[in-house]
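In what follows, a structure is listed as structure tokens, so that the remarks can point back to it.
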Amino acid sequence: MFKKLCQKAFSKSLWVYHVNVGACNGCDIEVIDVLTPYYDAERFGIKLVASPRHADVLLVCGPVTRQVVPAVKRLYDAVPDPKLVIAIGSCAVGGGIWFDSYNIVGGVDAILPVDYHIPGCPPRPEAILHGIAVALGLAEKQVAPVHLKQLPDRPESVSIKTPV
Amino acid sequence: MSAQQLGETVKQRFGDKVLDLSAPDLGQLYLTITPDSVVPVAEYLYKDLGCRFVVNSGTDRRRERGKFLITHFFTQDEEKIYIAVHTEVDEDHPQIDSITPTVPAANWSERETRDMIGVVPVGHPDPRRLVVADDWPEDLFPLRWDVEHGTKPPPVEGVAMPRLDPPEGASVVPIGPYFPVLEEPTYFRVCGEGEEGGGVDHRGFYNHRGVEKLGCSVLTYNQVPFIAERICGICGFVHSSSYCQAVELAAGLEVPERVEYIRTIMLELERIESHSLWLGIAGHIIGFDTILMQTWRMREPLMWLCERISGNRKTYGMNLIGGVRRDIEPEMYDDILEVIGNIEREWQALYDAIPGDGTLMARLQGTGVLPTEVARELGAAGPTARGSGLAIDVRIDHPYAAYDRLDVKKCVYDGCDNLARVLVRLDETLDAINIIRQALRDMPEGPIMAEFDEEIPAGREAMNAVEAPRGEVFHWVLTGTENRPERWRVRAPTYANLQNVPPMLKGNALADVPICIGSFDPCFSCTERMEVVDVNSGRVRVYTQEEMLAETQGHSES
């Protein structure tokens with residue numbers, strides 16, 4: 001029901017607030033790119049706002065670093081309900097190449113409930129537009145999440161083995 | 001003076017204190033000195049020989065030598081020499097004399113070395129932590145070899161970094177960690193009286209991702225360029241080029257000439273892209289969105305061009321040790337020329353319009369003044385330094401890739417204000433277009449990968465710097481076993497430039513603070529984190545989390 005309400009409420013105007021939680025800037029500049037003349041997200045009523053208190057949607061880029069966690073949680077609380085969180089870029093989706101680094105907590109869903117994921121490194125402006133259009137109910141989802149099970153005999157901690 | 005001669009000069013002056021001296025490559029000098037002579041040698045290099053401090057680095061060599069290796073990097077721009085001053089510190093007494101009182105630019109990197117390796121700079125004026133998170137344990141140093149790269153200590157609530165106390169009667173304006181004009185999280189506390197800004201305290205490094213640790217413990221030589229590009233999504237090619245060139249120098253690899261030209265072209269395309277992006281953001285910061293829309297419109301065909309050349313709009317993924325992955329096909333030359341030709345035409349129009357615009361001039365002229373002397377002392381780099389009259393440009397001072405064969409201009413202005421920094425970038429963009437034309441004209445045919453089959457020997461080292469759009473990017477690689485660097489040190493230009501913020505903000509109206517910070521094109525993901533520096537008073541007060549919360553809350557409501 002909440003989803004329906006959101007889709008109805010947001011379909012005409014969506015105010016977004018952009019949050020960098022440790023990104024390399026690649027996704028951030030593509031987010032701004034979406035608002036500039038070639039892609040022009042404002043034609044869908046999407047507007048970048050300067051305060052989380054004005055926002056409907058948080059666009060979150062980057063792997064969550066240890067240092068930003070309290071600030072981002074406060075920021076999320078400052079956004080009025082109903083609100084959406086869109087994770088933009090591979091790092092925000094699951095931690096990306098930094099996933100097991102000492103200062104990284106993980107993807108955005110490690111600390112906030114994420115409604116939509118837009119993968120890519122960085123995602124193309126078209127992909128970001130598509131993701132937002134899905135959120136607005138203007139376009140269909142193209143992929144569905146697959147749940148993978150952790151086998152019982154594997155150790156808890158994941159270590160990456162890289163070819164030499 | 002050659003590097004060898006410079007080394008001899010230092011050796012003559014300090015005698016037995018210089019334990020070892022080598023100058024393996026043109027323009028690189030490695031000195032090993034005793035721990036008690038760190039400060040005198042630094043002072044001699046900095047004051048008497050006119051060297052500029054770059055960064056310092058700590059390496060954990062307890063396994064091989066039972067010691068920590070601390071290295072101070074300097075550069076002598078006129079003689080085109082990079083200098084590494086190694087000192088070995090005993091593992092039982094991890095302490096070294098701080099050079100910050102003598103060389104102010106070393107402030108941050110000495111603190112970073114303490115955070116990462118645990119070697120304490122004795123006599124440092126600001127003993128607070130810099131890089132690691134507030135709740136990171138005091139006795140855990142991520143870059144030591146026995147600390148796993150995936151170590152994640154449990155979070156602790158209610159820990160905050162001590163903040164500097166504002167002077168009597170001043171009010172504090174907190175900016176950040178989330179603030180609309182800053183794309184990335186960073187936290188400034190500007191103390192002001194009335195409308196005028198005074199001291200600044202800064203807490204950064206919200207974007208610290210542990211790049212160096214991953215490069216030295218998990219990845220292999222050829223995987224590091226991938227992660228190096230993601231140090232910064234705007235100037236990523238700069239980092240991967242600098243890393244690859246450092247490894248090539250260390251291993252003694254000859255790179256085909258065509259590779260050097262391809263790297264040069266991609267670096268200059270990236271410069272145009274970055275400067276037009278920056279100009280747009282600067283326009284946005286001062287409330288002139290027309291500039292944002294125009295420059296980003298001009299920039300977009302360049303993004304498409306880069307996608308055609310490299311396969312990605314950003315983070316090109318072209319660099320490998322010894323060469324590049326993709327060639328620039330001769331059919332593409334005309335496309336490149338057409339795109340940069342269009343940008344040149346429109347850029348020229350913009351160039352002519354800016355000095356005539358009263359609004360822009362009012363916001364830029366005379367604001368954010370960074371005097372030449374201060375810029376030199378605090379180690380400013382790139383357009384920030386050149387806007388303050390310091391004629392340093394790595395492309396000319398320490399040529400790499402194909403720059404020694406091309407005609408490159410140093411764009412220097414001595415206005416020292418925000419306008420000067422804008423003009424430097426406007427000029428550089430036109431110059432970059434010119435460089436690409438020359439490079440396309442002169443580029444020879446040939447292979448795009450050096451042939452080598454032996455392993456890269458361990459224990460070699462090399463320094464390399466590249467002129468990023470924001471300034472000097474510096475990489476130092478110490479080769480190791482297991483097909484990966486033993487230590488890989490990165491210094492991004494914003495690391496040096498951010499330390500120039502406090503003097504720049506002094507005496508400015510609070511409304512000009514964002515453009516001052518924006519004027520050196522800060523890139524916090526490069527720098528990896530933040531913190532506050534100077535204040536009028538030297539007292540330190542510890543803020544509780546409630547006080548901090550109250551401040552931030554007040555800010556987000558306002």
Side-chain angles (χ1 to χ4, degrees), chain A residues 17-33 35-40 48-53 61-63 65-72 74-75 78 89-91 96-106 120-122 124-125 157-164, chain B residues 132-136 142 147-152 155 157 177-178 180-181 183-185 187 205-211 213-214 218-220 223 226-227 230-234 236 277 280-281 292-294 296-297 300 303 312-315 482-483 523-526 529 545 549 552-553 556-557:
Chain A
Y17 184 79
H18 164 236
V19 193
N20 175 327
V21 291
C24 72
N25 265 332
C27 300
D28 311 58
I29 56 175
E30 296 295 39
V31 167
I32 302 177
D33 211 35
L35 299 162
T36 55
Y38 273 104
Y39 302 99
D40 192 16
L48 196 65
V49 292
S51 164
R53 300 230 180 247
C61 306
T65 62
R66 206 182 162 95
Q67 176 70 10
V68 297
V69 174
V72 173
R74 279 208 307 277
L75 190 145
S90 303
C91 299
I97 50 176
W98 319 103
F99 78 103
D100 65 345
S101 175
Y102 58 89
N103 212 39
I104 299 296
V105 176
C121 187
R124 303 177 55 82
S157 64
V158 185
S159 69
I160 43 168
K161 294 219 168 58
T162 49
V164 179
Chain B
V132 291
D134 287 340
D135 62 348
W136 189 263
V147 176
E148 281 278 321
H149 71 279
T151 309
K152 294 181 185 181
E157 298 254 323
Y178 287 100
V181 301
E183 281 308 310
E184 296 166 86
Y187 179 54
F205 296 84
Y206 281 80
N207 281 17
H208 180 73
R209 285 153 292 164
V211 175
K213 180 70 180 179
L214 293 176
V218 195
L219 306 174
T220 61
Q223 288 173 333
F226 184 86
I227 216 161
R230 283 155 180 82
I231 289 174
C232 174
I234 301 174
L277 174 151
I281 298 285
L292 171 72
M293 294 298 169
Q294 291 295 346
W296 284 61
R297 178 185 55 73
E300 197 57 30
M303 305 293 283
N312 203 2
R313 292 160 56 87
K314 286 301 313 162
T315 46
E482 297 173 40
N483 197 24
C523 183
F524 301 121
S525 61
C526 281
R529 188 166 121 105
Q545 197 196 17
L549 269 175
T552 328
Q553 202 71 25
S556 56
E557 274 165 0

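Values below: all heavy atoms of this structure, side chains included; hydrogens, waters and symmetry mates excluded. As the structure is a prediction and not an experimental result, all values here were calculated from the model. Per chain, numbering begins at 1; letters A, B, ... match sequence-line order.
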Got Asp100(A) and Val218(B) here, is their nearest side-chain heavy-atom distance under 4.5 Å? no

Ignoring hydrogens and angles, tell me if any N or O in the side chain of Gln67(A) forms a donor-acceptor pair with the backbone of Val132(B) under 3.5 Å. no

Measuring heavy-atom distances to chain A, does Asn312(B) have an atom under 4.5 Å in its side chain, in its backbone, in both, or in neither? side chain

Residue Pro37(A) versus chain B: region with a heavy atom under 4.5 Å: both

Give, as side chain, backbone, both or neither, the part of Leu214(B) having an atom under 4.5 angstrom from any heavy atom of chain A. side chain

Of all residues at least two apart in sequence or in a different chain, which pass the side chain to side chain contact (heavy atoms under 4.5 Å, CB included) check with Ser90(A)? Cys121(A)

Leading residue by heavy atom contact count with chain A [cutoff under 4.5 Å; candidates Arg297(B), Arg313(B), Lys314(B), Met293(B)]: Arg313(B)

Nearest heavy atoms of Ser101(A) and Gly210(B), plus distance in Å: OG-CA, 3.8 Å

Hey, could you give me the CD1/CH2 distance between Ile32(A) and Trp296(B), rounded to the nearest 0.5 Å? 4.5 Å

Go through the atoms of Val21(A) and report whether side chain, backbone, both or neither lie under 4.5 Å from a heavy atom of chain B. both

Enter the distance from Leu277(B):CG to Ile29(A):CD1 here, rounded to the nearest 0.5 Å. 5.5 Å

What pair of heavy atoms forms the shortest contact from Thr315(B) to Pro122(A), and how long is it? OG1-CD, 3.8 Å

Inter-residue atom distance Arg124(A).CZ - Met303(B).CE, 0.5 Å rounding: 9.5 Å

Provide the closest heavy-atom pair for Arg66(A) versus Ala133(B) in the form atom of the first, atom of the second, distance. CD-CB, 3.7 Å

Applying ring-ring contact (aromatic ring centres under 6.0 Å, His included) to Tyr38(A) and not counting sequence neighbours gives Trp304(B)

Quick one, Asn103(A) and Arg209(B) - any side-chain contact, counting heavy atoms below 4.5 Å? no

CH2 (Trp98(A)) and CZ (Arg230(B)) are apart, to the nearest 0.5 Å, by 8.5 Å

Measuring heavy-atom distances to chain B, does Leu75(A) have an atom under 4.5 Å in its side chain, in its backbone, in both, or in neither? side chain

So Asn20(A) and Asn207(B), do their side chains get closer than 4.5 Å, heavy atoms only? yes

With rounding to the nearest 0.5 Å, note down the distance linking OH in Tyr102(A) to NE2 in His208(B). 3.0 Å

